[in-house]
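Order of appearance sets the numbers: ligands from 1, and atoms from 1 within every ligand. On a predicted model such as this, the values are computed, not experimentally measured, just so you know.
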Amino acid sequence: MCGIVGYIGERGAQGVLTSGLRRLEYRGYDSAGIVTLGANNQATLLRAEGKVSELDKLVLSHENKDTVGIGHTRWATHGEPSETNAHPHKAGDIYLVHNGIIENYKELKAELKNHSFESQTDTEVLVALVDSLYDKETLLVDAVTQALKLVVGTYGIAVVSTREPDVIIVARMGSPLIIGVNDDETIIASDASALVGHTDQAIYLNDGEIAVCRRDGVELQDMSAQPISTRVETIEVDMQAIQKQGYDHFLLKEISEQPVTLRSTLSGRVNVEDKLIKLGGLNLNTEELRGIEHVTIIGCGTAYYAGLLSSYYLEQLVDGLTIDVATASELRYRSFHLPKNTVALVVSQSGETADTLACLREIKRRGVKTLGIINAVGSTIAREVDGGVYVHAGPEISVASTKAFTSQVAAMIMFGIQIAQAKGVGVQDTSSYIEELDQLPNEIEAVIANYKEQISAIAKRYAHYDHALYFGRDTLFPVALEGALKLKEISYIQAEGYAAGELKHGPIALVDDTFFEVALLLDNWLFDKSLSALSEVNARGGHVFAITNSKKEIDAEETLRIDTKLDLLAPIVINVVQQLFAYYVAVARGNDVDQPRNLAKSVTVE
Ligand code: F6R
């Protein structure tokens, strides 16, 4: 959510900053800006409403050779998307970019009488505050440190001053920042993808740390100005993973690469021959695994739905295990109680979601063991959990989450199998899960290859509707919720997901010609019950698109029958069909599928 870049080195800063912002654009795309520092205390501030391409046009007409600068791509929190509200913000000699939220900005603003505010942002308050503490004798780093002591909220910031053109100050509290280091240059980014191609050596800033970045190195200090030793790590982001590679959209690429990314999730962890699972990073021995009595799963959005689907599998796998699943944004403010011998699974693609992180910290404070089900390596949540599983789905650039869901569910099923086996469940009782996990990548591959065209054609038929109702039973209920989320966020069709058995308790009143319905049916003991819900919708003039693995007769306007060997894990394959369906509906409606309106990837604000 919002992207930050910074550069100090020997190369032209404008080029490095704008190319970095293009990489980070998926984080926020309502406005963008850069400032570079040149000779004679000159600064060139360029800001534009809209996407980074608008900023690029401005840069073309204001090119310079400055070698220091900072930039930002914004997802509005305070103040509408506009050039005036775009970062960097300025006060006196100082320019600042900011991710996060300054919660006490109104109180601070009331004190800052000498600054005339132009924007509606909390960020301008922060830069004005730093400026108010930046007298002739003070260094920028000290003014920033003093200012941050007065701030309540979250931030990742980069700050420059025309008085000190050889330094960029960065600081972090709750919003990620990474500092890439080379011999003669330092590159700052809120996300490792902006460092790819520049360096793989980087420092992950921790909360409460401030960094003084120069061309030839970085010094870290804490909020009391005490030096901290620097920790340079090797980051692993593959260039190919952040490029479209011939696909029309990142979303289609990410849906299509699920067979490969899922193989990475399973690799080295599933032993099909011996029917065993080995998850390396749990930091739990067999005794501790055996002792788990309750699992709490937390996440937001798609990660929450991945948790919900996994909870069905976990309770099937481990007899007697109790499970609850909660959205982190709710749980963090509830007076929740966790039973003895609980393990919390913290599910997040980005590993940076503010609500999930806050919830993790609260759970840890209560002394409960936390495990991450995380995609982004080195992310804040990944570093704060006690152990966990990296899902290795690779970077998700498209805002809508797809491949992470599939890998998260697979990781949680593996976790369930490992608990079951530790508790003495016989290998034969978990073997069908292991076999299906092993086959899942191939099954997803076949479904994408065999049904893509058909799904695209069906999507065109439903693309003109304003409303949609998804329903399914049992494991297909969370899949229905996820299908509805995917459709609404990229097509802007209002979509609801329901448990099939709940339709008659209210939502069936919605059925009319402005709605279409997506009915999910598994060929199992609940098939007839699911069919009844579908018939009830048909009887009220519904327009049903049924997705099933069954060959049995189904009366629907459109039916997509997928041919899959899978039984237990067929819902995951059905979800891939839904992902493609949402994608093709959004394309048919002419939407920007990778950067849907009002959204941004990685929600680092509350
Ligand atoms: C939906 C989507 C969001 C995220 C949610 C959690 O397609 O992308 O609902 O799933 O913001 O994000 P992470 O997984 O990064 O914590």
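Heavy-atom proximity to Gln349, at under 4.0 Å, picks out these atoms of ligand 1: 13 (P), 14 (O), 15 (O), 16 (O). Per-residue contacts place Ala303 under 4.0 angstrom from the following atoms of ligand 1 (heavy atoms of the residue considered): 10 (O), 14 (O). Near Ser350, with a cut-off below 4.0 Å to any heavy atom, the atoms of ligand 1 are 13 (P), 15 (O), 16 (O).
Atom-to-atom distance recorded for Asp324:CG and Thr342:OG1 is 8.0 Å, nearest 0.5 angstrom.
Between Arg365 and Glu362, at least one side-chain N (NZ, or NE/NH1/NH2) sits under 4.0 Å from a carboxylate O, which counts as a salt bridge. Taking 4.0 Å as the cut-off between side-chain N and carboxylate O, Lys51 and Glu25 do not count as a salt-bridged pair.
When the options Glu496, Gln578, Lys486 are evaluated for a side-chain contact (heavy atoms from CB on, under 4.5 Å) with Tyr470, the one that passes is Gln578.
In this structure, Asp594 contributes its side chain and His249 its backbone to no donor-acceptor pair below 3.5 Å. Formation of a donor-acceptor pair under 3.5 Å by the Asp355 side chain with backbone atoms of Ala328 is not found in this model. A donor-acceptor pair under 3.5 Å links the side-chain atoms of Arg269 to the main chain of Thr265, judged by distance alone.
Looking at ligand 1, you'll find an N or O of Glu489 within less than 3.5 Å of one of its N or O atoms. Annotation: Thr356 places no N or O atom under 3.5 Å from an N or O atom of ligand 1; distance criterion only.
The closest approach between Lys486 and ligand 1 falls below 4.0 Å for a heavy atom of the residue. Taking a 4.0 Å cut-off on heavy atoms, Val399 registers as neighbouring ligand 1.
Annotation: atom 6 (C) of ligand 1 to nearest protein heavy atom, Cys300 O, 3.2 Å. Nearest to atom 11 (O) of ligand 1 among the protein's heavy atoms is Val603 CG2, 3.9 Å.
For atom 2 (C) of ligand 1, the candidate residues are Leu357, Thr302, Asn375, Val346; the nearest heavy-atom contact is made by Thr302. Proximity annotation for atom 13 (P) of ligand 1: of Leu251, Thr327, Thr353, Ile381, Thr353 comes nearest, heavy atoms only.
Taking the six-membered ring for Trp and thresholds of 30 and 60 degrees, Phe515 and His467 have nearly parallel ring planes, at less than 30 degrees apart.
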